[in-house]
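Notes follow once the structure below has been shown.
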There are 2 protein chains.
Amino acid sequence: MSKQSLPVVDLQAVACCAPLAVRPMDAEQAMVVAPMFKALGDPVRLRLMSMIASVPEMCVCDLTPAFDLSGPTISHHLKVLREAGLVDSERRGTWVWYRVKPEAFRQLGALLDLPATTAPADA
Amino acid sequence: MSKQSLPVVDLQAVACCAPLAVRPMDAEQAMVVAPMFKALGDPVRLRLMSMIASVPEMCVCDLTPAFDLSGPTISHHLKVLREAGLVDSERRGTWVWYRVKPEAFRQLGALLDLPATTAPADA
DNA sequence: TCTCTAGCTTGACAGACGTCAAAACAGGCT
DNA sequence: AGCCTGTTTTGACGTCTGTCAAGCTAGAGA
């Protein structure tokens, strides 16, 4: 809510800034970020993530039938994505809607930036 | 529908192109990419990766002492990164050197691009 | 109220994962 | 050759993970 009175540790800041390829990550930062990558490290969750990410929001009722898996299993995977901070969910009446958390997404993307050093840009 | 001339599917191409947030990933693509994210989904491997990525190349002999883990364990994690296609290794004399594969890195980064749709333009 | 549907939680189980000790392998050195 | 150091492989161990069936909870509607 209020951004001015930033409480506790700003995990976002800890985890976000330097691309992986720029500076070695310390253990603490790694423990914050690894779970996000881990959450994407399953084919089912990766597809769930991409289905959710490619629209403003997505109903579980549309997610589940896209897989050959039981409801509970999909629910479990969604929970993993939620607890990794990659998506948010909201119940509206009968259905539950999922949407990505763009900050988290951006964070991971930034980590994977390849800052020209390794690129063959100009010889 | 037999694909008579289909030339061995370019995995790189399959896995690379559309950002996660643009188009849902099909199951096949997810099975190719997920192992890369999974490889980064462990704090030790994430740190190894960042140590390797932040220099042109890195000797195992410099990697191992940075952790409170046995040599075999580090070797195991390096193998996981190698098999995920994220790094390459080369033995030169006594030591083994690791270096990142920038294509793979770039690939993952591209997948995580957030193409302006979900971004708040400029506030 | 009672019932139906959507989704989540629990409990259980097989398989995968992270770790280490011990053994094997590779190269340099004497 | 023999030995020493650096790295990987093997084998074993306990823990974590993905999955489903069964049970539970939330909301809509009769």
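Lettering follows sequence order; numbering is per chain, from 1.
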Mind checking A:G71 for me? I need base, sugar-phosphate or nothing, with any heavy atom below 4.0 Å counting as a touch. nothing
Please state whether the phosphate of D:dT17, meaning OP1 or OP2, lies under 4.0 angstrom from any side-chain nitrogen or oxygen of B:K38. no
Can you measure B:E83 atom CD to D:dT9 atom C1' for me and round it to whole angstrom units? 12 Å
Length of the CZ-C1' vector between A:R91 and D:dT25, whole Å: 8 Å
Closest to the A:C61 side chain: D:dC20, C:dA6, C:dG18? C:dA6
Can you tell me how far the CG atom of A:L48 sits from the CG atom of A:D42, to the nearest 0.5 Å? 8.5 Å
Between D:dC20, C:dG18, C:dG7, spot the one nearest the side chain of A:W95, thanks. C:dG7
Please test B:D62 against B:W95 for side chain to side chain contact (heavy atoms under 4.5 Å, CB included), starting from the C-alpha separation and ending with a verdict. CA-CA 10 Å; B:D62 289 327; B:W95 295 289; over 6 Å; no
Among C:dA22, C:dT9, D:dG18, find the nucleotide with the atom closest to the side chain of A:P72. C:dT9
Whole-Å distance between D:dC20 C1' and A:F67 CZ? 17 Å
Taking any heavy-atom pair under 4.0 Å as a contact, classify A:Y98: base, sugar-phosphate, or nothing. sugar-phosphate
Length of the CH2-P vector between A:W97 and D:dG27, whole Å: 16 Å
Can you tell me how far P of D:dC16 sits from NZ of A:K79, to the nearest Å? 15 Å
dist B:E57:CD -> B:D88:CG (nearest 0.5 Å) comes out at 11.0 Å
Between B:H77 and C:dC17, is there a side-chain N or O to OP1/OP2 distance below 4.0 Å? no
By nearest heavy atom, map B:L78 and A:I74 onto DNA chain D; which one lands nearer the 5' end? B:L78
CG/A:L86 to CG/A:L81 distance, rounded to the nearest 0.5 angstrom? 6.0 Å
Over how many whole Å does the gap from B:L48 atom CG to D:dT7 atom P extend? 13 Å
Could you check whether B:R92 gets within reach of a base, just the sugar-phosphate, or nothing at all, counting any heavy atom under 4.0 Å? nothing
Rounded to the nearest 0.5 Å, how far apart are CZ of B:R45 and CG of B:L40? 8.5 Å
Determine: side-chain N/O of B:S70 to OP1/OP2 of C:dC20, distance under 4.0 Å, yes or no. yes
Rounding to a whole Å, what distance do you find between A:L63:CG and C:dA6:C1'? 13 Å
Starting at the 5' end of DNA chain D, which residue's closest nucleotide do you reach first, A:V80 or A:T94? A:V80
Nearest whole angstrom, please: distance from the C1' of C:dC17 to the NE2 of B:H76. 7 Å
